[in-house]
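All values below come from the heavy atoms of this structure, side chains included, with hydrogens, waters and symmetry mates left out. We number each residue from 1, following the sequence as shown.
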Amino acid sequence: MNDSLDLALARKVLAAQPFSVLLGTRLVTFGDGAATLELDIRDELLQQYGFVHGGVLGYAADNALTFAAGSAVGARLITAGFTIDYLRPARGDVLRAEARVVRAGRTRVVCRCDLSTVEGDGTPTLCAVAQGTIAVNGTGQPSA
């Protein structure tokens with residue numbers, strides 16, 4: 001089986017994730033060890049102070065990290081772990097998660113992700129950074 005992904009197939013993978021569909025996540029770039037996800041910021045995604053909830057930022061980082069890894073090593077992946085640092089409150093019109101591969105090994109892929117909010121005029125503001133390790137899983141099923 002060929003595990004290579006292109007943008008169209010990667011978008012189908014994203015569309016098969018019910019939570020991603022619920023959030024309205026879009027895969028806007030994919031390939032060469034990088035991936036960018038975006039989602040529109042709406043009231044349902046905010047916490048009590050009016051900022052994007054940290055869980056939404058964590059979701060975006062997790063998915064972007066894994067898609068970046070997939071663009072380098074194929075589809076059979078699962079997140080082994082990631083860390084996220086929140087730099088400033090996330091406010092804006094769009095949340096953008098831009099991830100790239102740092103190193104792709106045989107069994108693990110290390111990636112970084114910048115999370116920014118984007119205003120209507122296109123101005124981005126970095127609000128969080130993440131780093132993750134993605135496990136290459138030959139079976140396509142979660143590891144025990």
(message) Is the shortest side-chain heavy-atom distance between Asp32 and Val101 below 4.5 Å?
(response) no

(request) Considering non-hydrogen atoms only, spot the tightest contact between Ala35 and Ala64 and give its length. (result) CB-O, 4.1 Å

(message) Holding to side-chain hydrogen bond (donor to acceptor under 3.5 Å, both in side chains), I want the full list of residues that pass it with Glu38, two or more places apart in sequence or in another chain.
(response) Arg96

(request) List in chain and number order the residues that pass salt bridge (charged side-chain N to carboxylate O under 4.0 Å, His left out) with Asp93, two or more places apart in sequence or in another chain; answer none if no residue qualifies. (result) none

(message) Could you tell me if the side chain of Ile134 sits less than 4.5 Å from the side chain of Leu65, heavy atoms only?
(response) yes

(request) Kindly give the heavy-atom pair with the smallest separation between Ser116 and Leu126, and that separation in Å. (result) OG-CA, 3.7 Å

(request) Establish whether Val13 and Leu37 are linked, either directly or via other cluster members, by ILVMFWY side-chain heavy-atom contacts under 4.5 Å. (result) yes

(message) Once side chain to side chain contact (heavy atoms under 4.5 Å, CB included) is applied, do any residues pair with Arg112, and if so which ones, sequence neighbours excluded?
(response) Arg100, Val102, Gln131

Can you list, pair by pair, the side-chain donor-acceptor contacts under 3.5 Å of residues 40-63, counting residues two or more places apart and other chains?
from  : atom 1 : to    : atom 2 : distance (Å)
Asp40 : OD1    : Arg26 : NH1    : 3.4
Asp40 : OD1    : Arg26 : NH2    : 3.2
Asp40 : OD2    : Arg26 : NH1    : 3.4
Arg42 : NE     : Glu44 : OE1    : 3.4
Arg42 : NH1    : Leu23 : O      : 3.0
Arg42 : NH2    : Leu22 : O      : 3.1
Gln47 : OE1    : Tyr49 : N      : 2.5
Gln47 : OE1    : Gly50 : N      : 3.2
Gln47 : OE1    : Phe51 : N      : 3.4
His53 : ND1    : Gly55 : N      : 2.7
Tyr59 : OH     : Ser20 : OG     : 2.7
Tyr59 : OH     : Thr25 : OG1    : 2.7
Tyr59 : OH     : Asn63 : ND2    : 3.4
Asp62 : OD1    : Thr79 : OG1    : 2.6
Asn63 : ND2    : Gln17 : OE1    : 2.8
Asn63 : ND2    : Ser20 : OG     : 3.2

(message) I'd like to know whether Cys127 forms a side-chain contact (heavy atoms from CB on, under 4.5 Å) with Leu87, so could you lay out the CA-CA distance, the side-chain angles of the two residues, the decisive distance to 0.1 Å, and finally the verdict.
(response) CA-CA 5 Å; Cys127 58; Leu87 306 176; 5.7 Å; no

(message) Testing the basics here: between Phe30 and Leu7, what is the closest heavy-atom pair and its distance to 0.1 Å?
(response) CB-CD1, 3.6 Å

(request) Examine distances only and state if a side-chain atom of Ser71 and a backbone atom of Gly33 form a donor-acceptor pair shorter than 3.5 Å. (result) yes

(message) Going by the rule side-chain hydrogen bond (donor to acceptor under 3.5 Å, both in side chains), which residues pair with Thr83 if we only count those two or more places apart in sequence or in a different chain?
(response) none

(request) Each residue besides Val28 in its hydrophobic cluster should be listed here, by chain and number; the cluster joins Ile, Leu, Val, Met, Phe, Trp and Tyr at side-chain heavy-atom distances under 4.5 Å. (result) none

(request) Indicate yes or no for a side-chain donor-acceptor contact from Arg76 to the backbone of Val136 under 3.5 Å, with no hydrogens or angles considered. (result) no

(request) Could you pull out all residues at least two apart from Asp85 that satisfy side-chain hydrogen bond (donor to acceptor under 3.5 Å, both in side chains)? (result) none

(message) Going by the rule side chain to side chain contact (heavy atoms under 4.5 Å, CB included), which residues pair with Ala80 if we only count those two or more places apart in sequence or in a different chain?
(response) Arg108, Thr133, Ala135

(message) Applying ring-ring contact (aromatic ring centres under 6.0 Å, His included) as the test, list every pair that has at least one member in residues 60-97; sequence neighbours left out.
(response) none

(request) Would you mind reporting whether Leu14 and Val21 have side-chain heavy atoms less than 4.5 Å apart? (result) no

(message) For Arg91, give me all partners under salt bridge (charged side-chain N to carboxylate O under 4.0 Å, His left out), at least two apart in sequence or on another chain.
(response) none

